[in-house]
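Following: one structure in structure tokens, then a few remarks.
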Amino acid sequence: MNVHENLQHISSRIEVAARRSGRNPGDIRIVAVTKHVSADRIKEVLDTGIEDLGENRVQEMTTKAELLPPRARWHMIGHLQTNKVKYVVGRVELIHSLDRWKLAREIDRQATEQGIIVPTLIQVNVSGEDTKFGISASELMDFLAALQDLNHIKVKGLMTIAPYVDLPEETRPFFRELRILARRCNEKLPDRSLELLSMGMTNDFEVAVEEGANMLRLGTAIFGARRG
Ligand SMILES: *Cc1c(COP(=O)(O)O)cnc(C)c1O
């Protein structure tokens, strides 16, 4: 199956999951995760009209950005080291992986220097697994409150990575929790700005859609299994 066929198949699965849960499929955006994928294959995705591309490594993103047309919108979805922030600020559509105060301060500093406001999502570790990055659910409100003082960061929503499980259905509680967290935080935020829920990957995106995801990060489903 080629990228185009894979995307048609994904779209119909999104549509069914959206309808099942009374949602509009048009509200759900796909971020094509391009890690380990060559620029040529990424072009096939751009040709289908998807222009949101996700990378979890800064170096890979900047290399590919040079090879691809400027209409590509890059999303930083992986753990971000503070010394790499300068390569990301001003170049990405959205940082999904804001997961600590030190990183927030560095993003804000670089953004202030460039005179821009950087849209971000807060990565939440809803499953509480030690191996995962992210703010814990219990610390989220305080973190958001602290971020209100950083004028060059705009928090637009939340992101999570569900545990890898055999049965996608088992991810439901984690996605549901992220949705509820966003709602609770919005009740306390003056501008109710948490609109985006970046959740759902190849293994579990239909469940994520049913639980309110509006940004899916899909790699394998689009490009096939990664080698190496
Ligand atoms: C690799 C990756 C994805 C995509 O995973 P697939 O299972 O290939 O769809 C999504 N989000 C993050 C943070 C990733 O690193």
Side-chain angles (χ1 to χ4, degrees), residues 1-14 17 28-39 41-42 44-45 48 50-64 72-81 84-85 88 92-100 103 119-135 156-172 174-175 178 196-228:
M1 293 249 276
N2 63 33
V3 159
H4 189 72
E5 287 168 333
N6 287 346
L7 276 165
Q8 279 179 331
H9 186 57
I10 291 165
S11 296
S12 62
R13 286 171 63 188
I14 291 173
I28 298 155
R29 207 156 128 194
I30 295 174
V31 175
V33 177
T34 56
K35 63 184 180 217
H36 310 310
V37 177
S38 69
R41 298 206 65 211
I42 301 172
E44 293 176 42
V45 167
T48 70
I50 288 182
E51 297 182 340
D52 291 289
L53 307 177
E55 278 288 343
N56 59 355
R57 285 173 194 273
V58 174
Q59 177 67 53
E60 227 179 301
M61 186 191 80
T62 49
T63 307
K64 287 172 188 173
R73 294 186 292 258
W74 292 95
H75 295 245
M76 179 40 60
I77 62 172
H79 186 64
L80 183 54
Q81 289 168 281
K84 302 270 173 69
V85 167
V88 171
V92 296
E93 171 82 2
L94 187 62
I95 297 174
H96 293 228
S97 44
L98 176 54
D99 60 1
R100 60 201 191 280
L103 177 62
T120 67
L121 306 179
I122 298 176
Q123 181 170 355
V124 187
N125 182 1
V126 269
S127 64
E129 291 167 285
D130 298 342
T131 52
K132 288 214 161 75
F133 293 107
I135 300 286
K156 305 202 69 156
L158 305 179
M159 178 273 224
T160 200
I161 303 174
Y164 189 86
V165 290
D166 290 331
L167 291 176
E169 185 56 34
E170 292 170 10
T171 60
R172 189 178 301 278
F174 306 106
F175 295 144
L178 197 74
L196 297 174
L197 289 177
S198 168
M199 56 186 197
M201 301 168 33
T202 293
N203 194 46
D204 51 27
F205 69 89
E206 286 149 307
V207 180
V209 166
E210 289 172 6
E211 292 301 329
N214 48 23
M215 209 170 245
L216 308 176
R217 305 180 312 269
L218 302 176
T220 312
I222 298 173
F223 297 105
R226 287 183 288 274
R227 287 165 301 254

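For the numbers below, each heavy atom of this structure counts, side chains included, while hydrogens, waters and symmetry mates do not. Ligands are counted one by one from 1 in listed order, and the atoms in each one are counted from 1 as well.
Taking every heavy atom of Ile161 and a limit of under 4.0 angstrom, the matching atoms of ligand 1 come to 13 (C). Short contacts between ligand 1 and Asn56, defined as distances under 4.0 Å to a heavy atom of the residue, involve ligand atoms 15 (O). For ligand 1, the atoms closer than 4.0 angstrom to any heavy atom of Gly219 are 4 (C), 6 (P), 8 (O), 9 (O). Short contacts between ligand 1 and Thr220, defined as distances under 4.0 Å to a heavy atom of the residue, involve ligand atoms 6 (P), 7 (O), 8 (O), 9 (O).
In this structure, Asn203 falls outside the shell of residues with a heavy atom less than 4.0 angstrom from ligand 1.
One finds a salt bridge joining Arg29 and Glu93 here, because a Lys/Arg side-chain nitrogen approaches an Asp/Glu carboxylate oxygen to under 4.0 Å. Using a 4.0 Å cut-off between charged nitrogen and carboxylate oxygen, Glu55 and Lys35 do not count as a salt-bridge pair. A salt bridge is defined here as a Lys NZ or Arg NE, NH1 or NH2 lying under 4.0 Å from an Asp or Glu carboxylate O, and Arg172 with Glu211 meets this definition.
Of the listed residues (Thr34, Ile77, Val31), the one carrying the non-hydrogen atom nearest atom 13 (C) of ligand 1 is Ile77. Taking only non-hydrogen atoms, the option from Asp204, Thr202, Val37, Val33 nearest to atom 6 (P) of ligand 1 is Thr202.
Only the backbone of Leu218 comes within contact range of ligand 1, with a heavy atom under 4.0 Å; no side-chain atom does. At a heavy-atom distance under 4.0 Å, only side-chain atoms of Lys35, from C-beta outward, approach ligand 1.
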Applying side chain to side chain contact (heavy atoms under 4.5 Å, CB included), run through Leu196 and Leu158 and close with a yes or a no.
CA-CA 6 Å; Leu196 297 174; Leu158 305 179; over 6 Å; no
Side chain to side chain contact (heavy atoms under 4.5 Å, CB included) for His96 and Met76? Distances and angles first, verdict last.
CA-CA 6 Å; His96 293 228; Met76 179 40 60; over 6 Å; no
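Counting only distance, with no hydrogens or angles, the side chain of Asn125 and the backbone of Glu129 share a donor-acceptor pair below 3.5 Å. No side-chain donor-acceptor contact under 3.5 Å links Asn56 to the backbone of Gly78.
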